[in-house]
Amino acid sequence: MYIENLFKREFFINRNALNLAVNLLGHLLIHQTKQGTLIGKIVETEAYLSDDPASHSVIGKTKRNAPMFERGGIAYIYFTYGMHYCFNIVSGNKNMGEAVLIRAIEPIKGIEIMRKNRRKQDIKILTNGPAKLTQAFGINKKYNYHKLNKRPLFIAKNHYKIPKKQIIQTTRIGIKKGTQLPYRFYIKGNSFVSKK
DNA sequence: CGTAAGATGAAG
DNA sequence: TTCATCTTACGG
């Protein structure tokens with residue numbers, strides 16, 4: 001059903017991270033697993049640009065951030081704080097060094113599987129944070145470099161378009177550098193947006 | 001090598 | 001506010 005609505009590779013390549021961060025809001029992250037299909041609506045994103053002090057890419061290409069320098073449309077997944085995975089979508093063309101961090105998602109389908117993966121019951125805390133949603137969706141380093149226009153992990157179009165008025169642009173959270181830059185976007189009033 | 005920081009989350 | 005926990009990048 002959602003499979004024919006998946007975004008093509010060009011969608012991610014033909015724009016920079018700021019543009020992609022805005023344009024991902026409201027669309028769907030889908031993971032087809034053995035246990036069942038997981039679907040969530042993207043409700044919060046952060047852009048990390050090439051000349052951005054907070055971006056992993058600012059130091060140049062390293063083994064960890066190398067996916068950011070590939071053509072857009074692949075996943076950049078990194079492990080942090082000894083236990084968490086964060087999921088990014090690379091934007092722009094090769095060697096741009098930009099990506100969008102998916103910070104929060106609204107669970108749509110496969111909620112029981114998400115509860116199991118998270119070992120938490122309350123739907124409100126299943127996916128309202130970058131490392132929470134990767135745990136809920138079973139996303140880990142095996143999907144680093146994965147093309148997001150292919151199953152089993154992909155982005156699909158939601159035909160309902162978010163009104164421009166409902167998109168809030170503000171500063172990013174959880175970082176020490178570049179805190180003044182307004183590179184965070186979220187859907188106004190959505191109760192699955194992460195908290196500071 | 002040694003080490004410090006980290007785009008976090010959960011508990012107290 | 002503290003801590004769990006470990007990879008990564010960088011300096012010696």
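Chain A is the first sequence line, chain B the second, and so forth, proteins listed ahead of strands; every chain is numbered from 1.
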Task: Base paired to C/dC10 (Watson-Crick or G-U; both N/O distances under 3.5 angstrom) - done: B/dG2
Open item on the list: Going by purine N1 to pyrimidine N3 plus the second Watson-Crick contact, or the G-U wobble pair, all under 3.5 Å, which nucleotide sits opposite C/dT5?
Closed with: none
Open item on the list: Within the 4.0 Å heavy-atom criterion, would you say A/R103 contacts the bases, only the backbone, or no part of the nucleic acid?
Closed with: sugar-phosphate
Task: Pair A/S194, A/R103: side-chain N/O donor-acceptor within cut-off below 3.5 Å - done: yes
Task: Pair A/N128, A/K124: side-chain N/O donor-acceptor within cut-off below 3.5 Å - done: no
Figure out the [atom1]/[atom2] separation between [X] and [N], and round it to whole Å.
{"X": "A/L181", "N": "B/dA7", "atom1": "CG", "atom2": "C1'", "result": "13 Å"}
{"X": "A/F79", "N": "B/dG6", "atom1": "CZ", "atom2": "C1'", "result": "12 Å"}
{"X": "A/R119", "N": "B/dG9", "atom1": "CZ", "atom2": "P", "result": "15 Å"}
{"X": "A/Y85", "N": "C/dC6", "atom1": "OH", "atom2": "C1'", "result": "10 Å"}
{"X": "A/K132", "N": "B/dT8", "atom1": "NZ", "atom2": "C1'", "result": "9 Å"}
{"X": "A/Y78", "N": "C/dT7", "atom1": "OH", "atom2": "P", "result": "16 Å"}
{"X": "A/N65", "N": "B/dA7", "atom1": "CG", "atom2": "C1'", "result": "13 Å"}
{"X": "A/Y76", "N": "C/dT8", "atom1": "OH", "atom2": "P", "result": "10 Å"}

At less than 4.0 Å, is any side-chain N or O atom of [X] found next to OP1 or OP2 of [N]? Yes or no.
{"X": "A/K176", "N": "B/dG6", "answer": "yes"}
{"X": "A/K141", "N": "C/dT8", "answer": "yes"}
{"X": "A/K195", "N": "B/dG9", "answer": "no"}
{"X": "A/T80", "N": "B/dT8", "answer": "no"}
{"X": "A/R118", "N": "B/dG9", "answer": "no"}
{"X": "A/H56", "N": "B/dA7", "answer": "yes"}

Nearest to the side chain of [X] - [options]?
{"X": "A/H84", "options": "C/dA9, B/dT8, C/dT5", "result": "B/dT8"}
{"X": "A/A131", "options": "B/dG9, C/dA4, B/dA7", "result": "B/dG9"}
{"X": "A/K120", "options": "B/dA11, B/dT8, C/dT5", "result": "B/dA11"}
{"X": "A/K177", "options": "B/dG9, C/dA9, B/dG6", "result": "B/dG6"}

TODO: Tell whether A/Y81 reaches the base of B/dA5 with its side chain through a donor-acceptor pair below 3.5 angstrom.
DONE: no
- [ ] For residues A/I139 and A/L153, determine if any side-chain heavy atom of one lies less than 4.5 Å from a side-chain heavy atom of the other.
- [x] yes
Task: side-chain contact (heavy atoms from CB on, under 4.5 Å) evaluation trace for A/Y48 with A/V100 - done: CA-CA 6 Å; A/Y48 287 87; A/V100 175; over 6 Å; no
Open item on the list: Classify the ring geometry of A/Y78 against A/Y76: parallel below 30°, tilted from 30° to 60°, perpendicular beyond 60°.
Closed with: tilted
TODO: Would you please classify the geometry between the A/H31 ring and the A/Y143 ring as parallel, tilted or perpendicular, with 30° and 60° separating the classes?
DONE: perpendicular
Open item on the list: So is the aromatic ring of A/Y48 stacked onto the base of B/dA7, judging by whether the centres are under 5.5 Å apart and the planes are under 30° apart?
Closed with: yes
